[in-house]
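All remarks here apply to the structure that follows.
Numbering of ligands and ligand atoms starts at 1, following listing order. Quick caveat: nothing in here was measured; it's all calculated off a predicted structure.
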Amino acid sequence: MKPAKIISASLTVLTLAMVSSCTGSEQAKDPAEAKVEKLLSLMTIDEKIGQMSQLDPGTLGSDENLKKAVRDGRLGSLLNYFGTKEVNEIQRIAVEESRLGIPLLIGRDVIHGYKTIFPIPLGMAASWNPGLVKGAFRIAAEEASSQGIKWTFAPMIDITWDPRWGRIAEGCGEDPFLASAMAAAMVHGIQGDSLSDPASMAACAKHYAGYGFSEGGRDYNTTYITEPVLRNVVLKPFKAARDAGALTFMSAFNDLNGIPASGNEFTLRQILRDEWHFDGFVVSDWASVTEMVSHGYAVDEKDAAAKAINAGVDMEMATTSYFDNIKILLAEKKITQKQIDNAVRSILKVKFRLGLFENPYTDPDAARKILDPSFLEHARTMARQSAVLLKNDKNILPLNRSIGSVAVSGPLADAPRDQLGTWCFDGNAANSVTPLKAISDFLGKEKVNFAPGLGYSRDRSEKGFDQALKTAERSDAVIFFAGEEWILSGEGQSRGEINLPGAQDELISLLDKTRIPLIVVIMAGRPLAIGRLLEEADAVIYAWHGGTMAGPAIADLIFGIESPSGKLPVTFIKGSGQIPFYYYRNNTGRPATPGSWTPIDSIPVENPQSSLGYKSFWLDYGYTPLLPFGFGLSYTTFEYSDLSLSDLSMPMNGKLIIKASVQNTGKMDGDEIAQLYLRDRVGSITRPVRELKGFKRIHLEKGEKTEVVFELTSEDLAFFNGKITAAEPGEFDVWIGPDSSNGLHGEFILEK
Ligand code: BGC
């Protein structure tokens with residue numbers, strides 16, 4: 001590729017010379033803007049439409065068609081095209097053989113790693129460690145950009161309250177504050193310190209907006225979201241991504257309150273452009289423009305294109321309604337030249353900012369940094385910090401490495417592809433280190449008795465049970481790897497029931513009856529309803545789909561190289577019937593309290609009408625979740641004390657300092673994630689029973705004590721009440737504690 005680079009450099013100079021001859025009055029503050037204006041003035045309408053079109057090469061039929069489209073300036077972007085050689089060649093055609101030499105923007109889904117696969121994003125969110133997450137996305141960017149990929153369709157920051165929805169795996173969970181912290185970290189990781197760094201990619205905040213509220217958790221389904229929920233919950237991480245500088249946004253598939261998200265002027269124009277002043281560009285989701293015909297919002301593809309352009313979708317992904325119709329729509333005055341110019345402007349600006357005009361090529365030598373040992377080490381740390389300890393009866397964990405032998409069982413113990421999780425196009429199962437391999441490496445093969453019991457997660461056959469039970473009986477402990485195959489979560493992969501699939505529960509119950517200490521590690525793409533095994537097992541670790549290094553990370557935790565430190569980024573429920581169940585719900589007029597509800601089996605026959613108390617609960621579930629948001633245990637213990645507030649009241653534009661002491665009172669060093677929650681007792685609209693407003697991951701050696709300090713301003717108390725966003729004076733509760741259902745309590749007043 002080197003000679004091409006030299007030739008192209010001169011052509012790039014030529015384009016830039018044309019572009020940089022603008023007059024003083026055309027000079028905008030951002031140097032890219034002046035260049036964009038000049039280039040725009042040279043473009044034909046066909047070239048502009050080209051910039052607004054992104055295709056998967058597969059849809060073009062042949063390589064020749066692809067090259068011709070690029071040469072003719074009919075394509076501004078490609079997705080799913082990669083490999084240094086391939087990208088450099090197609091880029092050479094764009095830069096050297098198209099009339100204006102505008103480089104292509106090459107995009108791909110790099111969602112939780114490229115070759116070094118990190119835990120699924122929901123798992124990464126469980127680390128509550130934005131710094132570590134940023135590092136993971138930096139590595140993903142380094143690897144992917146070395147293959148010519150300069151744009152990733154990440155971060156996926158859809159809040160959801162529904163674990164049936166397969167795409168819960170790809171997001172950061174239910175909480176807007178945690179998801180916002182993760183969104184910013186991911187954008188910073190992807191885009192790096194300098195956009196024009198060859199190892200930086202453009203980020204794409206998706207799916208804007210509301211996609212995670214698909215009714216019934218069925219993918220692509222309709223969403224109804226009130227404006228307060230939209231602004232106070234769903235849009236929060238998107239605003240954080242925008243503030244972190246995300247260069248692009250993706251418009252979602254879903255129908256939002258009757259208007260599909262890809263034709264939604266309220267979210268795309270009013271909020272994103274007018275209120276947030278976003279100046280990157282918006283790409284549609286795959287065919288989400290033309291799918292507005294299916295939604296019944298557009299008569300045909302031409303109408304769909306008009307609606308998307310009017311709403312502010314700058315680039316169409318995968319379909320050709322822009323390509324086919326823009327000129328007709330202009331002639332019919334259904335769209336304006338100004339709209340087209342603005343869309344192209346935004347796209348070109350991103351290409352300039354990424355440095356593509358200066359250096360459109362990928363250095364073939366960069367390809368060496370793939371699966372670098374330092375990357376794998378980061379993936380191991382990430383997987384370790386993502387895992388959440390849910391139970392540890394009698395401190396059965398960590399296991400002593402001098403243990404006689406362990407039985408390794410379960411369908412996920414040696415499932416190299418499954419542990420990579422959903423949305424990993426480029427990760428290779430051959431690079432995965434499975435728990436079986438890691439435990440064998442740690443203890444020595446002779447101490448590990450492997451009997452999976454079930455061949456895969458949905459397996460219903462009991463033919464392996466006998467061997468699993470016999471193997472357990474001749475071992476000192478059983479480590480059972482339960483969960484879901486990767487294909488059971490992700491796009492288009494929703495479930496109605498969220499229990500452990502196949503006969504896993506049955507086998508776990510039989511193993512429990514052997515009375516051999518039973519440790520269950522769950523590797524899944526969603527929070528499963530694991531009530532039964534949580535009762536039976538002696539210890540439970542929730543490890544999600546942990547990526548390439550899931551095995552070593554889990555072994556590190558099982559044998560106490562480090563204590564688990566993750567906390568749940570989502571409420572764990574008892575069963576699908578509790579959905580939606582999220583911790584920041586509003587109170588009811590009849591909240592249930594301990595003792596105020598009646599379990600279904602304890603109701604006497606022919607009980608009178610009002611005997612159950614008319615409280616808000618389920619006869620079969622009660623009123624609490626299985627495990628609260630923010631929950632996670634450690635091998636050590638942490639004690640919270642001495643909550644203090646800098647004042648009893650806070651002026652409207654002032655601030656409040658809230659502190660508490662946290663001490664490691666156990667026998668091992670460990671990390672704790674201290675969480676700050678608030679409740680606004682009375683509002684102009686009802687307010688959540690708790691909202692996360694801060695968190696800190698702290699490392700404490702055994703015996704060590706520290707102070708966690710949080711600062712609140714009235715901005716942190718602001719919410720949208722249907723009309724305006726503002727903090728409202730009145731009384732507030734505050735908690736600092738280990739999860740959303742605990743903590744030291746204080747109170748303060750926000751003054752008028
Ligand atoms: C998904 C997006 C993804 C796009 C491109 C769509 O089906 O919803 O998240 O970025 O495909 O692969």
Side-chain angles (χ1 to χ4, degrees), residues 53-60 75-82 104-114 120-122 137 140-141 144 147 149-160 165-172 179 183 186-187 190 201-214 217-223 234 237-238 241 246-256 260-262 264 280-292 294-295 308 313-320 421-427 486-487 489-494 525:
S53 304
Q54 182 195 54
L55 287 179
D56 180 305
T59 59
L60 281 153
L75 265 182
S77 174
L78 282 173
L79 81 159
N80 300 335
Y81 199 77
F82 57 99
L104 292 162
L105 181 54
I106 308 287
R108 186 155 173 86
D109 293 282
V110 181
I111 307 297
H112 53 112
Y114 180 68
I120 52 169
L122 185 62
F137 277 80
Q147 299 304 300
I149 301 163
K150 285 299 284 177
W151 180 22
T152 175
F153 308 119
M156 191 286 211
I157 44 181
D158 294 319
I159 299 279
T160 184
W165 190 49
R167 302 197 82 168
I168 192 172
E170 281 176 72
C172 301
M186 290 169 178
V187 171
I190 293 165
M201 299 193 286
C204 183
K206 73 183 189 187
H207 306 84
Y208 189 77
Y211 182 36
F213 277 56
S214 299
R218 180 162 56 86
D219 206 2
Y220 315 118
N221 206 3
T222 301
T223 64
V234 173
F238 286 98
L247 288 174
T248 72
F249 268 52
M250 183 185 289
S251 67
F253 287 129
N254 56 296
D255 174 353
L256 172 62
S262 291
N264 200 307
F281 74 82
V282 176
V283 65
S284 76
D285 201 346
W286 183 286
S288 69
V289 173
T290 55
E291 285 176 11
M292 288 198 283
S294 274
H295 278 293
V313 176
D314 304 306
M315 183 185 281
E316 178 182 16
M317 180 191 283
T319 43
T320 58
T422 187
W423 268 119
C424 108
F425 284 157
D426 302 292
W486 75 269
I487 194 75
S489 60
E491 184 179 349
Q493 286 141 210
S494 294

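Heavy atoms only, all atoms of each residue included: S77 and L104 are closest at N-CD2, 4.0 Å.
Every residue was checked against the salt bridge (Lys or Arg N to Asp or Glu O under 4.0 Å) condition with D219, not counting sequence neighbours, and none meets it. Remark: D314 pairs with R273 by the side chain to side chain donor-acceptor pair (under 3.5 Å) rule, at least two apart or across chains. With sequence neighbours excluded, the residues satisfying salt bridge (Lys or Arg N to Asp or Glu O under 4.0 Å) with R167 are E170, E491.
In this structure, ligand 1 sits under 4.0 Å from heavy atoms belonging to L79, D109, F153, R167, K206, H207, M250, F253, D285, W286, M317, W423, E491.
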Before you tell me yes or no, could you show the steps for C424 and H112 under side chain to side chain contact (heavy atoms under 4.5 Å, CB included), namely the whole-Å CA-CA distance, both residues' side-chain angles and the distance that decides it to 0.1 Å?
CA-CA 7 Å; C424 108; H112 53 112; 4.1 Å; yes
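Residues D158 and W165 are in side-chain contact: their nearest non-hydrogen atoms beyond the backbone lie under 4.5 Å apart.
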